[in-house]
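These notes are about the structure you will find just below.
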Amino acid sequence: MQIKDVARKLKISPRAIRFYEDKGLISPSKQETNSYRTFTEEEIWRLQTIISLRESGMSVADIQKALQETDADNKAQLQYYLEIQRSVVYAQWLEFKHIIETTDTMINLLKQNNSVPIDDIFTLAEGSKRLREIRKNWKDTWNFDQQALTHDERVLHNDDEYKGYEEILDLTWQWVKPRVGEKGLDLGTGTGNLAHRFLQNGIHMAGVDQSKEMMKQCQSKHPQMDIKLGNFLAIPYMDNQFDFIVTSFAFHHISNEQQPLALDEMRRVLKSHGRICIADIMFETESAQEQYMNDLLASGRTDLLTTMQEKHYAICPVLLSWFEENGYITKHAKINDLLYIVYAVPIKPL
DNA sequence: TTTCTCACA
DNA sequence: TGTGAGCA
């Protein structure tokens, strides 16, 4: 296939295809006589993946790294590509859903007032801001160096950061206490240690993680689990799917401003009675967090300090008030210096 | 038609 | 991170 046909098929410019070649993402063979590029089916498939990754906000440099990784591991390649594609489509779906909702409200406002107030136009702008947030976050998500880093950290279970790890996972199980037949979701499931508590009691569990290595390990440990590649801000499931969501040591991967967006996303995939349980390191106030960091510095624990500084720990009261403002009743406990568990159940309409 | 390079945002 | 113009 020649470049123009490929470009038409993929709906991009021939110029862009040459650009990707220049950046080393593809290397189509060239005819000896005229040095025209010819593209095989495989190369078109690869290009399609590149385009999807670009749309998700991943930089060209990161795409190159990603493709190198998958090239080395051919068997998992197809599945991984498809996982990425699905994540992208889910994000786009959310995007459309949101645009439709805002348009609807604007139509209703027009019917009532015959004019659209400035405030509502502002709300629309906020909506597109949310989309940018999602994209921006995805860029971080696909940073492979960072993935490797979290991988190592999580394997070291008994570090200071993971003090009380087993205890809080058990507690999460006890608090949520699902009935047989209920469906749960573990966000940032990692190797599935939290999900395991539920699976061994016969509860159907789904999991989401942003790392394919984690997914691979988790799937081999728990073959019955439904694991998808995805992100807190674009959970790759349809609406109203789950009876409960649990998450441990993962909520801190998204920034404090994005955390309410993540909670909105959780509510979207939950059934109306769906409950949420978050186990993670948190602080009582921002100054308490600063104090803790300062103490670490003073006691020479710079290693722990640097890993903790990369995270976005929630302020527990802020989290609790979000739940209360959004119609939940909450229960929480402090396990040790750092570790909190927060459980939220929606108040049922009478 | 396609390739390549240069300039531009 | 791409896009167009002009050339061969």
Side-chain angles (χ1 to χ4, degrees), chain A residues 1-73 77-78 80-99 121 124-150 210-212 229-234 236 253-255 257-258 261 310:
Chain A
M1 228 179 193
Q2 288 198 179
I3 196 162
K4 199 186 178 182
D5 307 314
V6 178
R8 201 178 49 216
K9 191 169 178 172
L10 300 181
K11 291 174 180 160
I12 55 168
S13 65
R15 199 65 187 69
I17 296 176
R18 294 193 200 98
F19 176 73
Y20 292 139
E21 183 187 349
D22 192 43
K23 295 289 167 191
L25 299 181
I26 47 168
S27 47
S29 60
K30 295 184 180 180
Q31 287 176 350
E32 285 199 8
T33 47
N34 53 14
S35 77
Y36 283 14
R37 293 165 178 81
T38 48
F39 294 85
T40 63
E41 282 300 315
E42 205 179 328
E43 281 164 332
I44 293 164
W45 180 223
R46 190 182 171 92
L47 261 172
Q48 220 161 28
T49 309
I50 293 167
I51 295 160
S52 297
L53 290 172
R54 277 299 297 133
E55 278 175 4
S56 78
M58 190 165 167
S59 73
V60 169
D62 285 346
I63 293 173
Q64 196 181 8
K65 274 192 253 172
L67 291 182
Q68 271 168 10
E69 274 229 350
T70 52
D71 283 345
D73 185 6
Q77 186 174 6
L78 179 64
Y80 182 50
Y81 280 175
L82 291 174
E83 290 281 346
I84 293 169
Q85 305 275 27
R86 178 174 52 201
S87 306
V88 173
V89 175
Y90 261 104
Q92 287 170 343
W93 173 60
L94 282 173
E95 188 171 326
F96 277 116
K97 217 167 112 83
H98 185 254
I99 292 167
I121 294 169
L124 187 71
E126 282 295 295
S128 37
K129 191 177 153 196
R130 180 197 153 111
L131 297 177
R132 281 201 298 277
E133 294 281 342
I134 290 171
R135 296 231 158 127
K136 187 166 158 277
N137 183 278
W138 276 44
K139 200 184 165 189
D140 296 340
T141 300
W142 302 121
N143 185 325
F144 282 78
D145 298 337
Q146 216 167 345
Q147 272 188 27
L149 209 83
T150 49
Q210 60 184 23
S211 154
K212 72 160 180 166
L229 188 74
N231 181 286
F232 269 64
L233 298 176
H253 283 122
I254 41 177
S255 74
E257 307 89 69
Q258 289 173 337
L261 294 179
E310 287 165 4

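Residue numbering restarts at 1 for every chain, and letters A, B, ... go by the order of the sequence lines.
With rounding to whole Å, A:R37 atom CZ is found 7 Å from B:dT3 atom C1'. Atom CD in A:E32 sits about 17 Å away from atom C1' in B:dT3, given to the nearest Å. The separation between A:F19 atom CZ and B:dC4 atom P is 16 Å, rounded to whole Å.
When heavy atoms are screened at a 4.0 angstrom cut-off, A:R18 is found touching base atoms of the nucleic acid.
A:S29 places no side-chain N or O within donor-acceptor distance of the main-chain N or O of A:F39, the cut-off being under 3.5 Å. Put simply, the side chain of A:R46 gets close to the backbone of A:L25: a donor and an acceptor are under 3.5 Å apart. Between the A:Q31 side chain and the A:Y36 main chain, no donor and acceptor come within less than 3.5 Å of each other.
Heavy-atom minimum distance, A:A7 versus A:S13: CB-C, 4.1 Å. Here the closest heavy-atom approach between residue A:E43 and residue A:P28 is recorded as OE2-CA, 3.3 Å. Across all their heavy atoms, A:L229 and A:S87 have their closest contact at O-OG, 3.0 Å. Across all non-hydrogen atoms, the minimal contact from A:I26 to A:I17 is CD1-O, 3.7 Å.
Remark: A:Q2 is in phosphate contact with B:dT2, judged by side-chain N or O atoms under 4.0 Å from OP1 or OP2. Taking side-chain N and O atoms only, A:K30 has a distance below 4.0 Å to OP1 or OP2 of B:dC4.
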Nucleotides 6-9 of chain B: which of its N/O atoms have a protein N/O under 3.5 Å away?
residue : atom : partner : partner atom : Å
B:dC6   : N4   : A:R15   : NH2          : 3.3

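Paired regions of DNA chain C, where each region holds three or more successive Watson-Crick or G-U pairs whose two hydrogen-bonding distances fall under 3.5 Å, are B:4-9 with C:1-6.
In this model, no side-chain donor or acceptor of A:Y36 finds a partner on the base of B:dT3 within 3.5 Å.
Scanning DNA chain C 5' to 3' for nucleotides with an atom closer than 4.0 angstrom to a non-hydrogen atom of chain A gives a first and last hit of C:dT1 to C:dG4.
Residues A:I50 and A:L67 are in side-chain contact: their nearest non-hydrogen atoms beyond the backbone lie under 4.5 Å apart. A:Y20 is listed as a side-chain neighbour of A:R54, based on a closest heavy-atom distance under 4.5 Å.
A:L53 contributes atom CG, which lies 5.0 Å from atom CD1 of A:I63 (distance to the nearest 0.5 angstrom).
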Kindly determine whether A:K9 and A:M1 satisfy side-chain contact (heavy atoms from CB on, under 4.5 Å), including the steps that lead there. CA-CA 10 Å; A:K9 191 169 178 172; A:M1 228 179 193; 4.1 Å; yes
